[in-house]
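Because the structure is a prediction, the values reported are computed rather than measured. Note: hydrogens, waters and symmetry copies are ignored here, and every other heavy atom, side chains too, is used.
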Amino acid sequence: MKLLPLPLPPLLSRLPRLPRLPRPPRPPRLSSALLGATVLELAVLAGHLAVYPFGLTPERRPPTRPAGTEPGSGGGTALPASAVAAPPPVVLLHGFVDNRSVFLLLRRALIRNGHDHGHGHHRHLESLNYSPLTRDIRAAAGLLGRHVEEICARTGHHRVDIVGHSLGGLIARYYVQRLGGDRRVRTLVTLGTPHGGTAVAPGAGIHPIVRQMRAGSSVIEELRAPAPGCRTRFVSFWSELDQVMVPAETACVDHPDLDAVNVRVTGIGHLALPVHPTVAAAIREALDAPVTGEDTAPADGAASVA
């Protein structure tokens, strides 16, 4: 038997007209800025992994001496006027599962430019490591407080400045705001720190200190509590392309009792904040700014490093 082809057009014409389905949305295009920031993040990560082993050991520090005395004087000679007039020491505090090696470039930038050109006063810098096994921000903040007391005793200074990246900034803020650290900390600079808690926290269900970085945690809620009379000045750098801070604005300090300036950075991500030269220059400017009762904090600014 010979098979004849079906008259397809008449057959199709008798079928009910089906509604046209909406075209599936196209996946969002990666913006050129985000793409560039991602490439830079990968490059920073590769470089950091190469130097990471060199930061596992603590820094060598000179022996402790009583405040107000000169090394080798037997504890009875006052510090020279030049030492007293030098800017406060700077303490660098790294983020989660990291170490002091993350500040390699920032440290060099601060040392290279960290002196008063008029008087030749050099800035003293120290990088602190805390254990990746630390399970509580409060405990880490207490340890930071003991380190700060030791640094003040050794250098003869009454106050220090702190630069903290990511979790390091949150530890330093807890020390300042909840443990009386504002007595010792003049300026706290934070880089990509989850002040309001972040919705993205890898391993949040495993490591308790990471859970404390999430919005709504007991630590974040403690930092929302009143802090009248806090004497520390806060300078917080946040990036709109920071994929670890969600939302990005969570890296801003938003507290009515705190003297805080939030600086928006464009063009870079989370890992690049402590290594980018433009950010380093802005950090240096923040540390060099005098802190007196007559100072007025600058308005929120934006530093473009795209």
Side-chain angles (χ1 to χ4, degrees), residues 55-59 61 63-67 88-100 102-103 124-198 201 203-204 206-236 253 255 257-258 260:
L56 292 173
T57 56
E59 277 187 336
R61 301 188 183 98
T64 303
R65 60 180 175 78
V90 177
V91 180
L92 306 175
L93 197 61
H94 62 81
F96 181 62
V97 295
D98 211 337
N99 61 41
R100 60 187 178 88
V102 72
F103 292 116
H124 179 83
L125 289 104
E126 293 197 13
S127 301
L128 301 181
N129 279 354
Y130 57 89
S131 171
L133 301 179
T134 303
R135 299 174 62 86
D136 184 62
I137 287 176
R138 302 173 185 88
L143 180 61
L144 171 62
R146 292 191 289 274
H147 279 302
V148 168
E149 291 298 326
E150 186 271 333
I151 291 170
C152 288
R154 176 160 35 84
T155 63
H157 285 275
H158 297 294
R159 306 191 80 184
V160 303
D161 293 334
I162 297 179
V163 179
H165 179 230
S166 196
L167 173 60
L170 200 61
I171 292 171
R173 178 179 172 183
Y174 194 93
Y175 163 60
V176 164
Q177 192 175 329
R178 303 293 295 174
L179 302 182
D182 63 314
R183 180 176 61 93
R184 288 296 192 194
V185 180
R186 186 190 69 149
T187 300
L188 171 56
V189 176
T190 64
L191 310 171
T193 289
H195 291 287
T198 176
I206 300 175
H207 203 297
I209 205 170
V210 182
R211 290 199 297 269
Q212 292 180 340
M213 288 191 286
R214 294 183 67 86
S217 74
S218 58
V219 168
I220 297 298
E221 291 305 310
E222 283 186 58
L223 294 177
R224 295 185 188 277
C230 183
R231 289 165 283 189
T232 299
R233 175 183 58 185
F234 292 79
V235 181
S236 177
V253 176
H255 195 294
D257 295 334
L258 301 182

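Proximity of V97 to L167: side-chain heavy atoms (C-beta onward) are nowhere separated by under 4.5 Å. At a threshold of 4.5 Å between non-hydrogen side-chain atoms, the residues H255 and F234 do not count as touching. Taking the side chain as every heavy atom from C-beta outward, L125 and P89 never approach each other to under 4.5 Å. Put simply, the side chain of C152 does not reach to within 4.5 Å of the side chain of H158, judged on heavy atoms. The side-chain heavy atoms of V90 and V160, taken from C-beta on, include no pair separated by under 4.5 Å. Within the 4.5 Å cutoff, side-chain heavy atoms of C230 are placed close to those of L258.
Shown here for P226 and P228, the closest heavy-atom pair between the two residues is C-CD, 3.4 Å. Minimum heavy-atom separation, L93 to A172: CD2-N, 4.4 Å.
A distance of 6.0 Å separates OG1 of T155 from NE2 of H124, quoted to the nearest 0.5 Å. With rounding to the nearest 0.5 angstrom, the OG atom of S127 is 9.0 Å from the NE2 atom of H94. Note that CD of E126 is 4.0 Å distant from CD1 of I151, once rounded to the nearest 0.5 Å.
Contacts of R183 classified as side-chain contact (heavy atoms from CB on, under 4.5 Å), with partners at least two apart in sequence or in another chain: E149, R231. With sequence neighbours left out, E221 forms a side-chain contact (heavy atoms from CB on, under 4.5 Å) with R224. Checked against side-chain hydrogen bond (donor to acceptor under 3.5 Å, both in side chains), T187 has the following partners two or more places apart in sequence or in another chain: R233. Residues satisfying the side-chain contact (heavy atoms from CB on, under 4.5 Å) criterion with T190, sequence neighbours excluded, are L188, T193, H195, S236. Considering only residues two or more places apart in sequence or on other chains, H165 meets the ring pair (Phe, Tyr, Trp, His ring centres under 6.0 Å) condition with H270. Checked against salt bridge (charged side-chain N to carboxylate O under 4.0 Å, His left out), R159 has no partners two or more places apart in sequence or in another chain. By the salt bridge (charged side-chain N to carboxylate O under 4.0 Å, His left out) test, R186 is found to be paired with D161, residues two or more places apart in sequence or in another chain being considered. With sequence neighbours left out, the salt bridge (charged side-chain N to carboxylate O under 4.0 Å, His left out) criterion links D136 to R138. Contacts of D98 classified as salt bridge (charged side-chain N to carboxylate O under 4.0 Å, His left out), with partners at least two apart in sequence or in another chain: none.
Although no hydrogens or angles enter the test, the distance criterion places no donor-acceptor pair under 3.5 Å between the side chain of T134 and the main chain of A140. Judged by distance alone, with hydrogens and angles left aside, the side-chain atoms of S217 form no donor-acceptor pair with the main-chain N or O of M213 at under 3.5 Å. In this structure a side-chain-to-backbone donor-acceptor pair under 3.5 Å is present from Y130 to G95. Q212 places a side-chain N or O within 3.5 Å of a backbone atom of I137 that can act as its donor or acceptor partner. The backbone N or O of R100 lies less than 3.5 Å from a partner atom in the side chain of N129, making a donor-acceptor pair.
Here salt bridge (Lys or Arg N to Asp or Glu O under 4.0 Å) pairs that include residues 168-177, with residues two or more places apart or in two chains, number zero.
In summary, of the residues considered (V163, V185, I162), a side chain to side chain contact (heavy atoms under 4.5 Å, CB included) with V91 occurs for I162 alone.
At a threshold of 4.0 Å, the pair E150-R146 does not count as salt-bridged, since none of the basic side-chain nitrogens sits closer than that to a carboxylate oxygen.
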